[in-house]
Amino acid sequence: QQQVKQSPQSLIVQKGGISIINCAYENTAFDYFPWYQQFPGKGPALLIAIRPDVSEKKEGRFTISFNKSAKQFSLHIMDSQPGDSATYFCAASAVTGGGNKLTFGTGTQLKVEL
Amino acid sequence: DAGITQSPRHKVTETGTPVTLRCHQTENHRYMYWYRQDPGHGLRLIHYSYGVKDTDKGEVSDGYSVSRSKTEDFLLTLESATSSQTSVYFCAISELGELFFGEGSRLTVL
């Protein structure tokens with residue numbers, strides 16, 4: 001039972017291009033949607049996150065677009081750089097008094113070529 | 001970097017043997033989590049803790065147990081390791097919001 005579906009599984013983008021990764025969720029109780037970036041041999045690290053009261057959030061070259069009615073959200077990486085080559089995970093949770101138990105997508109391996 | 005230390009970082013063991021992975025934090029965060037990462041599955045929650053001696057099951061808890069006797073330490077135990085438990089295990093900590101992950105423990109069960 002995959003509550004958060006992520007696509008594509010892998011992505012190759014030219015330097016300077018736009019990388020787009022999509023996620024869809026099923027649980028309408030989810031109210032926190034982060035994206036994590038993971039480099040080989042390292043743990044995931046928070047990249048950017050959004051809550052459902054806004055439709056878009058931008059931090060530098062990274063933007064989350066959120067569509068509550070479609071239960072979808074996406075990560076856009078503008079002006080993609082070779083240093084952005086990593087695995088990206090979307091996630092979702094319903095933040096409660098029991099902490100923040102994230103449900104992750106299956107990951108997208110991004111490669112940015114020169 | 002968040003003060004999270006996982007040990008051991010790498011372990012090879014045989015089927016049927018017990019294994020304990022340790023997560024140690026210096027941030028005094030209330031919540032601690034154990035995830036496993038497998039190709040095609042992303043990260044899946046095994047167990048989590050919301051305080052000393054307070055733990056609960058996650059999505060894939062079968063075959064695993066945890067203990068938290070001190071705020072800073074969260075132990076994951078495989079009572080009798082199986083080949084299906086070959087994985088990379090990540091500990092994470094949080095205070096309601098952002099999760100901070102350790103660098104992982106790679107476990108191979110032969």
Side-chain angles (χ1 to χ4, degrees), chain A residues 1-10 21-27 30-51 57 59 62 64 73 75 86-110, chain B residues 1-7 9-10 21 23-25 27 29-52 54-61 66 68 71 74 87-106:
Chain A
Q1 178 184 354
Q2 187 68 40
Q3 290 198 56
V4 179
K5 296 182 179 180
Q6 182 172 348
S7 63
Q9 185 175 345
S10 62
I21 305 170
N22 300 298
C23 282
Y25 64 97
E26 299 171 3
N27 188 344
F30 287 154
D31 59 1
Y32 176 68
F33 303 90
W35 285 89
Y36 278 77
Q37 179 187 56
Q38 184 181 29
F39 293 104
K42 300 293 185 180
L46 180 66
L47 188 62
I48 186 173
I50 197 169
R51 294 195 181 272
K57 183 175 181 180
E59 289 185 0
F62 301 92
I64 298 179
F73 58 110
L75 176 69
T87 301
Y88 293 81
F89 292 95
C90 63
S93 67
V95 181
T96 67
N100 189 5
K101 300 182 292 291
L102 289 172
T103 298
F104 284 84
T106 51
T108 296
Q109 201 161 2
L110 171 66
Chain B
D1 291 343
I4 307 169
T5 304
Q6 291 187 229
S7 60
R9 294 291 314 281
H10 300 272
L21 304 180
C23 178
H24 178 78
Q25 62 148 329
E27 306 296 323
H29 281 2
R30 177 182 177 187
Y31 302 99
M32 298 186 76
Y33 313 80
W34 277 107
Y35 282 86
R36 61 178 288 175
Q37 183 175 15
D38 305 287
H41 291 278
L43 292 101
R44 293 177 292 174
L45 182 64
I46 305 171
H47 281 280
Y48 65 99
S49 170
Y50 45 96
V52 173
D54 291 324
T55 65
D56 206 348
K57 296 178 179 180
E59 177 188 356
V60 289
S61 60
V66 290
R68 191 170 179 197
T71 299
F74 192 32
S87 186
V88 181
Y89 292 85
F90 285 98
C91 173
I93 64 175
S94 79
E95 280 288 341
L96 285 184
E98 177 182 354
L99 262 65
F100 298 92
F101 284 84
E103 298 211 322
S105 294
R106 181 175 293 276

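Everything numeric in this text was worked out from a predicted model, so none of it was measured. All values below come from the heavy atoms of this structure, side chains included, with hydrogens, waters and symmetry mates left out. Every chain is numbered from 1 and lettered A, B, ... according to where its sequence line falls, protein lines coming before strand lines.
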- [ ] Please flag which part of B:R106 lies under 4.5 Å from any non-hydrogen atom of chain A: side chain, backbone, both or neither.
- [x] neither
Open item on the list: If I take atom CG from residue A:N100 and atom CD1 from residue B:I93, how far apart are they, to the nearest 0.5 angstrom?
Closed with: 13.0 Å
Open item on the list: Does any backbone or side-chain atom of A:P34 lie under 4.5 Å from a heavy atom of chain B? Answer side chain, backbone, both or neither.
Closed with: neither
Open item on the list: Minimum heavy-atom separation for B:L43 and A:P44, please, with both atom names.
Closed with: CD2-CG, 4.0 Å
Task: Proximal component of B:L45, with respect to chain A [non-hydrogen, under 4.5 Å] - done: side chain
Open item on the list: Please find the pair of heavy atoms, one from B:Q37 and one from A:F89, that lie closest to each other, and give the distance.
Closed with: NE2-CZ, 3.1 Å
Task: Contact origin within A:Q38 toward chain B - heavy atom pairs under 4.5 Å - done: side chain
TODO: Below 4.5 Å from any heavy atom of chain A, which atoms of B:E95 appear? Answer side chain, backbone, both or neither.
DONE: neither
TODO: Return the set of residues passing ring-ring contact (aromatic ring centres under 6.0 Å, His included) with A:Y36 (not counting sequence neighbours), or none when no residue passes.
DONE: A:F104, B:F101
- [ ] Quick one: list whatever passes side chain to side chain donor-acceptor pair (under 3.5 Å) with B:D38, sequence neighbours left out.
- [x] B:R36, B:R44, B:S87
- [ ] Quick one: pull up OH in B:Y35 and CG in A:L102 and give me the separation to the nearest 0.5 Å.
- [x] 4.5 Å
